Visitor: 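I'd like to ask you about the structure that follows.
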There are 2 protein chains.
Amino acid sequence: MSTSQEQDQLKNRRRGKELEAAILQAVREELTERGYSNLTMDSVAERAGTSKAVLYRRWANRAELVLGAIRERVPLPLEEVPDNGNLRDDVCGVLRAMNQNNIQVMLNAFYGLVAEMGDMPLASFIFPHGRQNRTMSILLERAVERGEVSAEAVTPRMLTLPSDLARHELMLYNAPMSEETIANIVDEVYLPLVLKR
Amino acid sequence: MSTSQEQDQLKNRRRGKELEAAILQAVREELTERGYSNLTMDSVAERAGTSKAVLYRRWANRAELVLGAIRERVPLPLEEVPDNGNLRDDVCGVLRAMNQNNIQVMLNAFYGLVAEMGDMPLASFIFPHGRQNRTMSILLERAVERGEVSAEAVTPRMLTLPSDLARHELMLYNAPMSEETIANIVDEVYLPLVLKR
DNA sequence: CAAATAAGAAACTTCAAGTATCTTATTTGG
DNA sequence: CCAAATAAGATACTTGAAGTTTCTTATTTG
């Protein structure tokens, strides 16, 4: 028997970037459906409708392949940072956004990668382009202009504190944060430190 | 040729708890010297001077074995919580203690376990007996008595905040925190939130 | 001291990583 | 347009580690 997919493969043999994109997509689907530890080179090759040799021509090993598949999809700096008119809602929005975007799948993959590549710290996967926080810079700048926050309060620590606590929560529990947790971080920790009084 | 160790094994065949303790010690040494991903059942058996069958009689798989080896050694609640006479030094002491005790080896193992046992969150390994902070409770109680902190300031979040930030740092970088980092957590985040003003 | 129990040795099965070889589709350059 | 180069795809292979099985033998226990 020959399925239509098999026929596609016979007719159109993909190459180069097109093939590569299909493979990386297959990796992401495997990660989502079966997790890092159940992802095998064979399962990826089969899902992508290609063969293992093709994978090894592009990536040196499984870790590199997975890394390639998730690196593309890491941080997405919003061009338009939403403006709610007050710092509280702005920061809550940032933390809510961290719940999105298959964070759990990514973290599972990161843990596998860190365990496998003993030397690389988690940070090198989570912050592939260095640890910045452009979004928080913008939000705080606006808050300073509004008069909610004084300029001296804007320190490096205050750029990362809410997302650090949120990430800690996500890493520990591998589940989206509740609204209560988000509110607690913002209202009990962050705002008392940065708002003028 | 027969080494003295081989002869020991022939003469004294260990059993029960004694043998089990030797195996778990071997696991910890393998984790320390070679890391989770290079720890194999054979390497553990060889180091412990026993055989793989003995391991499988006691633990269902590699993950259970490693779990058994690190569970024993998890949190050690200090009976004597040191009193420096001020909250700042007390909390710095708590964070400094988190640098100790092969935290990096443990984290590497935790990551491997989480990746392998897809369902268990990191928290279940890091807080095997639930998330409490007896030490911080004691320190804050003393600070309240001293008048440094008001009783209402002692909330659940304030019991965990410094160690949460420290753990986040340790998890990300897999390296001991610098004194600067410790001081920053305590002076720029924690004390401004809890000290009376 | 005999029977039961558990340790240890070693061979085996299974599965996945990674390699090698060969055929064939597609591209490219003359 | 065709021949040569290139890369895809199939398949078989090697290696290493998890986990199993079987057998022998040391140690305990009654």
Side-chain angles (χ1 to χ4, degrees), chain A residues 1-3 5-27 30-31 34-69 112-113 115-118, chain B residues 1-3 5-27 30-31 34-69 112-113 115-118:
Chain A
M1 63 186 165
S2 64
T3 68
Q5 193 177 3
E6 277 161 3
Q7 282 172 0
D8 283 353
Q9 286 167 40
L10 290 177
K11 291 191 191 303
N12 290 339
R13 186 180 276 191
R14 297 157 303 177
R15 301 200 148 205
K17 285 299 170 192
E18 182 195 356
L19 177 57
E20 183 168 320
I23 294 168
L24 295 176
Q25 181 57 31
V27 172
E30 284 287 307
L31 285 175
R34 312 174 30 93
Y36 183 83
S37 67
N38 294 316
L39 176 153
T40 69
M41 299 304 267
D42 287 298
S43 69
V44 169
E46 188 184 356
R47 184 185 283 268
T50 183
S51 83
K52 224 173 14 164
V54 173
L55 306 188
Y56 282 106
R57 272 177 212 128
R58 288 177 164 74
W59 297 278
N61 51 52
R62 190 171 76 121
E64 290 296 329
L65 171 60
V66 171
L67 210 44
L113 289 167
E116 209 156 293
M117 312 170 64
Chain B
M1 68 186 163
S2 63
T3 68
Q5 195 180 358
E6 278 161 0
Q7 283 173 2
D8 283 354
Q9 286 168 36
L10 291 177
K11 290 190 192 306
N12 290 340
R13 185 181 277 192
R14 296 157 303 176
R15 302 201 149 205
K17 285 298 171 193
E18 182 195 358
L19 177 57
E20 183 167 320
I23 293 168
L24 294 177
Q25 180 57 32
V27 172
E30 283 288 306
L31 285 176
R34 311 172 32 92
Y36 183 83
S37 67
N38 294 315
L39 176 152
T40 69
M41 299 304 267
D42 287 299
S43 69
V44 170
E46 189 185 355
R47 184 185 284 268
T50 181
S51 84
K52 224 171 16 163
V54 172
L55 306 187
Y56 282 106
R57 272 178 212 127
R58 288 179 163 75
W59 297 277
N61 51 51
R62 191 172 76 121
E64 289 296 330
L65 171 61
V66 170
L67 210 44
L113 289 168
E116 210 156 291
M117 310 169 66

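As the structure is a computational prediction, the values presented were derived from the model and not from experiment. Quick note on labels: first sequence line is chain A, next is B, and so on, each numbered from 1.
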Visitor: What about A:R62, does its side chain sit under 3.5 Å from the base of C:dA16 through a donor-acceptor pair?
Guide: no
Visitor: Just how far, in rounded Å, is P of D:dT6 from CG of A:L19?
Guide: 18 Å
Visitor: For B:W59 and D:dA18, what is the distance between atoms CH2 and P respectively, to the nearest whole Å?
Guide: 15 Å
Visitor: In whole angstroms, how far is the C1' atom of D:dG19 from the CG atom of B:L65?
Guide: 13 Å
Visitor: Would you say the base of D:dG9 and the side-chain of A:R57 have a donor-acceptor pair closer than 3.5 Å?
Guide: yes
Visitor: As a test of understanding, state which of A:V27, A:L67, A:I23, A:V66 forms a side chain to side chain contact (heavy atoms under 4.5 Å, CB included) with A:W59.
Guide: A:I23
Visitor: In whole Å, I'd like the distance from the CZ atom of A:R15 to the P atom of C:dT26.
Guide: 8 Å
Visitor: Starting at CG of A:L19, measure out to CZ of A:R13 and round the result to the nearest 0.5 Å.
Guide: 10.5 Å
Visitor: How many Å lie between CD on A:E46 and P on C:dA16, as a whole number?
Guide: 12 Å
Visitor: So, the side chain of A:R14 versus the backbone of A:T50: is there a donor-acceptor pair under 3.5 Å, distance only?
Guide: no
Visitor: Once hydrogens and angles are ignored, does a donor-acceptor distance under 3.5 Å link the base of C:dG8 to the side chain of B:K52?
Guide: no
Visitor: Atom CG of A:L55 and atom CG of A:L24: how far apart are they, to the nearest 0.5 Å?
Guide: 9.5 Å
Visitor: Mind calculating the distance between CZ (A:R58) and C1' (D:dA8) to the nearest angstrom?
Guide: 9 Å
Visitor: Tell me: CG of B:N12 to P of D:dT25, nearest whole Å?
Guide: 19 Å
Visitor: Mind checking the OH-CG spacing from B:Y36 to B:L113? Nearest 0.5 Å is all I need.
Guide: 4.5 Å
Visitor: Which residues in residues 37-45 of chain B have at least one heavy atom lying under 4.0 Å from any atom of DNA chain C?
Guide: none
Visitor: Whether the side chain of B:R13 and the base of D:dT25 hold a donor-acceptor pair under 3.5 Å is what I'd like checked.
Guide: yes
Visitor: Would you mind reading off the distance between A:Y56 atom OH and D:dT11 atom P, rounded to a whole angstrom?
Guide: 18 Å
